[in-house]
Amino acid sequence: MKHYRDAAENAARAAGDLLRTAFHMPRRVNSAEAHDIKLAIDVETQELITRLLLEEFPQHSLYGEEGITGDQSSEHQWVVDPLDGTVNFFYGIPHFCVSIALRWKNEIIVGVIYDPVRDELWTGQKGEAPTLNGTPFRVSDRADLAEAVISVGLSKTGETIRSGLPLLQEMAHRARKCRLLGSAALDMAYVACGRLDAYIEQGISLWDIAAGWILIETAGGVVDMKPRTDMKDRYSVIASNGVVNLGLK
Ligand code: LIP
């Protein structure tokens with residue numbers, strides 16, 4: 001397991017170095033929609049991660065936001081978002097990250113999230129306390145929603161915005177504060193280390209939340225992921241410290 005974790009950390013740091021440099025350079029846009037932008041750097045970063053991980057583990061496969069590599073039925077599958085928070089990156093908002101998880105027989109066993117701007121590396125593995133830059137952490141213990149800070153994501157489509165806004169309105173009235181930070185993976189990492197008490201989003205992809213899932217679970221929190229029946233390969237996620245009373249039906 002340590003071998004997998006070290007490889008994920010090395011790949012995340014290498015990808016982070018590429019993104020940190022590219023952040024100060026002109027953006028090359030591959031496509032732009034009403035609520036989403038795809039950049040060339042997303043693809044280049046996933047190519048780097050794929051090369052580093054699959055050179056070390058040729059039997060493994062990779063499932064990423066920018067495409068898949070290898071036999072997806074292989075026992076070991078890397079689940080990767082090379083640049084989470086692409087719209088933030090495009091607009092020069094320094095809140096984005098690299099997210100890398102390893103799934104073994106359908107169970108996430110390793111997760112790494114790296115914020116190259118703040119040089120913050122979250123690492124989690126099954127059966128161990130997770131760490132932030134080497135220091136162990138736990139979720140918060142705030143149970144009262146009125147004292148909680150919640151992040152809500154609205155994802156990328158009119159449908160997810162329509163279904164997310166009522167939730168955002170409800171949480172804005174009931175929680176101390178609500179945030180829309182624009183990076184699901186960093187939202188998950190922030191819940192895991194107690195900076196946020198919960199994160200909610202409808203219509204999110206597995207690569208956005210896979211690494212964060214094991215960080216939160218090993219830090220004592222709870223992640224409720226439900227596949228959306230109306231959207232292919234999309235999930236509704238409620239991630240929390242496990243004690244905050246969100247009162248959601
Ligand atoms: C983003 C997520 C965010 C969500 C955005 C988008 P990307 O991922 O991190 O939570 O609201 O719509 O899905 O596209 O930057 O990898």
Side-chain angles (χ1 to χ4, degrees), residues 12 15-16 18-19 22-23 27-50 62-68 78-101 111-117 120 122 149-165 167-168 171 178-192 195-196 198-213 215-216 223 225 227-228 231-240:
L18 180 66
L19 292 173
F23 192 57
R27 278 80 169 126
R28 282 173 294 123
V29 176
N30 285 355
S31 67
E33 289 154 30
H35 306 296
D36 194 26
I37 291 176
K38 292 262 175 226
L39 301 173
I41 193 69
D42 289 81
V43 177
E44 288 156 23
T45 308
Q46 181 161 321
E47 284 166 357
L48 171 64
I49 294 169
T50 304
L62 189 139
Y63 171 79
E65 179 158 10
E66 306 310 321
I68 61 172
W78 294 92
V79 182
V80 172
D81 189 341
L83 169 48
D84 188 53
T86 303
V87 173
N88 284 348
F89 184 99
F90 178 76
Y91 284 86
I93 301 167
H95 188 74
F96 55 86
C97 67
V98 181
S99 178
I100 298 176
V112 166
I113 293 176
Y114 181 53
D115 174 345
V117 175
E120 290 190 312
W122 289 268
V149 177
I150 312 285
S151 179
V152 176
L154 298 177
S155 205
K156 318 177 174 195
T157 67
E159 174 44 39
T160 55
I161 293 169
R162 253 189 310 282
S163 57
L165 281 175
L167 199 70
L168 175 61
M171 286 296 129
C178 255
R179 301 286 183 236
L180 274 89
L181 299 170
S183 166
L186 283 177
D187 285 337
M188 297 282 280
Y190 283 20
V191 169
R195 292 175 187 172
L196 292 170
Y199 154 64
I200 307 168
E201 187 151 12
Q202 324 226 1
I204 201 72
S205 301
L206 182 62
W207 48 70
D208 292 304
I209 52 179
W213 183 88
L215 292 174
I216 293 173
V223 180
M225 272 168 66
R228 295 278 304 225
M231 294 176 197
K232 188 171 175 317
D233 298 332
R234 292 300 178 100
Y235 298 81
S236 289
V237 62
I238 301 175
S240 81

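Counting starts at 1 for both ligands and their atoms, in listed order. Please read all numbers here as calculations on a predicted model, not as lab measurements.
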Euclidean distance, Glu201 CD relative to Ile209 CD1, rounded to 0.5 Å: 8.5 Å
Per atom 4 (C) of ligand 1, closest listed option by heavy atom (Lys156, His35, Glu201):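 The residue whose heavy atom sits nearest atom 4 (C) of ligand 1 is Glu201.
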Option of least heavy-atom distance to atom 5 (C) of ligand 1 (set: Gly203, Gly153, Ser155): Ser155
Protein residue, atom and distance nearest to atom 7 (P) of ligand 1, heavy-atom basis: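 Closest protein heavy atom to atom 7 (P) of ligand 1: Asp84 OD1, 3.5 Å.
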Do any nitrogen or oxygen atoms of [X] lie less than 3.5 angstrom from nitrogen or oxygen atoms of ligand 1?
{"X": "Val87", "value": "no"}
{"X": "Asp187", "value": "no"}
{"X": "Ala184", "value": "yes"}

Smallest separation among heavy atoms of Leu83 and Phe89, with atom names: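 Heavy atoms only, the tightest pair is CD2-CG, 3.9 Å.
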Contacts of type side chain to side chain contact (heavy atoms under 4.5 Å, CB included), residue Asn88, not counting sequence neighbours: Ile93, His95
Residue portion contacting ligand 1 (non-hydrogen atoms closer than 4.0 Å) for Glu65: side chain
No-hydrogen, no-angle side-chain donor-acceptor test under 3.5 Å, Ser99 and Asp84: no
For Asp81, the ligand 1 atoms whose distance to one of its heavy atoms is below 4.0 Å: 16 (O)
Numbered atoms of ligand 1 (with element) below 4.0 Å of Thr86, judged on heavy atoms: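 Counting from 1, the qualifying ligand atoms are 15 (O).
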Full working for side chain to side chain contact (heavy atoms under 4.5 Å, CB included) between Phe90 and Val29: CA-CA 9 Å; Phe90 178 76; Val29 176; 3.5 Å; yes
Heavy-atom donor-acceptor pair, Thr157 side chain to Thr160 backbone, under 3.5 Å: yes
Gln46 and Leu62, any side-chain heavy atoms less than 4.5 Å apart: yes
